[in-house]
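Predicted, not measured: the structure shown is a model, and the values here were computed from it. As a basis for the values below, the full set of heavy atoms in this structure was taken, side chains included, without hydrogen atoms, waters or symmetry mates. We name chains A, B, ... by the order of the sequence lines, and we start the count at 1 in each one.
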Amino acid sequence: MHTGDWPTTVEEALAVQERLRGRVDLTDDLPELPPAVTGLDVAYDDAGGIAAAVVTLETAGLTVVEQRTHRAQAVFPYEPGLFAFRELPPLLAALEQLDHEPGVLVCDGHGLAHPRRFGLACHLGVLTGLPAFGVGKTRFVGSHAAPASARGSSEPLVDAGDEVGAVLRTQDGVKPVYVSAGHRIGLAHACRLTLALTPRYRLPETTRQADRLSRAALR
DNA sequence: GCGACAG
DNA sequence: ATCTTGTCGC
């Protein structure tokens, strides 16, 4: 649970991002293939109710090791660039319930591929101190060339001259995903992990599991 | 001034 | 995010 104060206005949220962005650590000390990976997602209903879910999978067989959920009421409106302030509270509450500390967090959204280089994956990584990266379904910032159609192909995502992420094809001929580092992990490593998590579908198995669980927890 | 805008 | 049927392709 959160006892401290949480930003209520856009101004306060921007100030928090400005204050925490310097704490992002791009050093990568992760083993090439961490034993377990944890996916997170949030589902919404039409009454301000939200449900967060976290699912830890064994990297080798992609089997569920542990999973938790947390229901709450949205405390911050959706605002492009600030949506972490909406999803972070329930996500942190769900993470705190885990018995085993996650090796790396796979977020449903962006990390550095953000206007101020501090998307959900960075914010979550900084607050938990855990390695984290983002896998977004759509572009938020930056421009890029179309990656080749073969799974594994990628193109850099560039915004204002900065390489903020990669557009990665996880399945042959299927719309690519947007991968970006969040905290304590490099982009190349994040892409390799993403491919390890997408043997069959476009989105990481972690995200798929968390999505399924969050929706179920909403009822 | 006119779009674009993670989930 | 979420609302939703049929339809194209392997």
Rounded to whole Å, the OH-C1' distance (Tyr178(A) to dA4(B)) equals 13 Å
Nearest whole angstrom, please: distance from the C1' of dT4(C) to the CG of Asp46(A).
15 Å
Could you check whether Thr56(A) and Arg68(A), counting side-chain N and O atoms only, form a donor-acceptor pair closer than 3.5 Å?
no
Phosphate oxygens OP1/OP2 of dA6(B): is one of them under 4.0 Å from a side-chain N or O of Tyr78(A)?
yes
Could you work out which one of dG7(B), dA6(B), dT2(C) sits closest to the side chain of Ala43(A)?
dT2(C)
Does Arg139(A) have a side-chain nitrogen or oxygen under 4.0 Å from the phosphate oxygens OP1 or OP2 of dC5(B)?
yes
How long is the line joining CG of Leu120(A) and P of dG7(B), in whole Å?
10 Å
Between atom CG in Asp45(A) and atom P in dT2(C), what is the gap in whole Å?
9 Å
Within less than 4.0 Å of OP1 or OP2 of dT2(C), is there a side-chain N or O belonging to Arg215(A)?
yes
Arg116(A)-Gln17(A) side chain donor-acceptor pair, cut-off 3.5 Å:
yes
Atom CZ of Phe76(A) and atom C1' of dG7(B) are separated, to the nearest Å, by 14 Å
Hydrophobic cluster partners of Leu213(A) (side-chain heavy atoms under 4.5 Å)
Leu30(A), Leu33(A), Val37(A), Val55(A), Leu57(A), Leu62(A), Val64(A), Val104(A), Val106(A), Phe133(A), Val135(A), Leu168(A), Val177(A), Val179(A), Ile185(A), Leu187(A), Leu193(A), Leu195(A), Leu197(A), Leu203(A)
Going by centres under 5.5 angstrom and planes under 30 degrees, do the aromatic ring of Phe140(A) and the base ring of dA6(B) stack?
yes
Euclidean distance, atom NE2 of residue His114(A) to atom P of dA4(B) [Å, nearest integer]:
20 Å
Gln97(A) CD: over 12 foreign heavy atoms closer than 6.0 Å:
yes
Under 4.0 Å: is that the gap between some side-chain N or O of Lys137(A) and OP1 or OP2 of dG7(B)?
yes
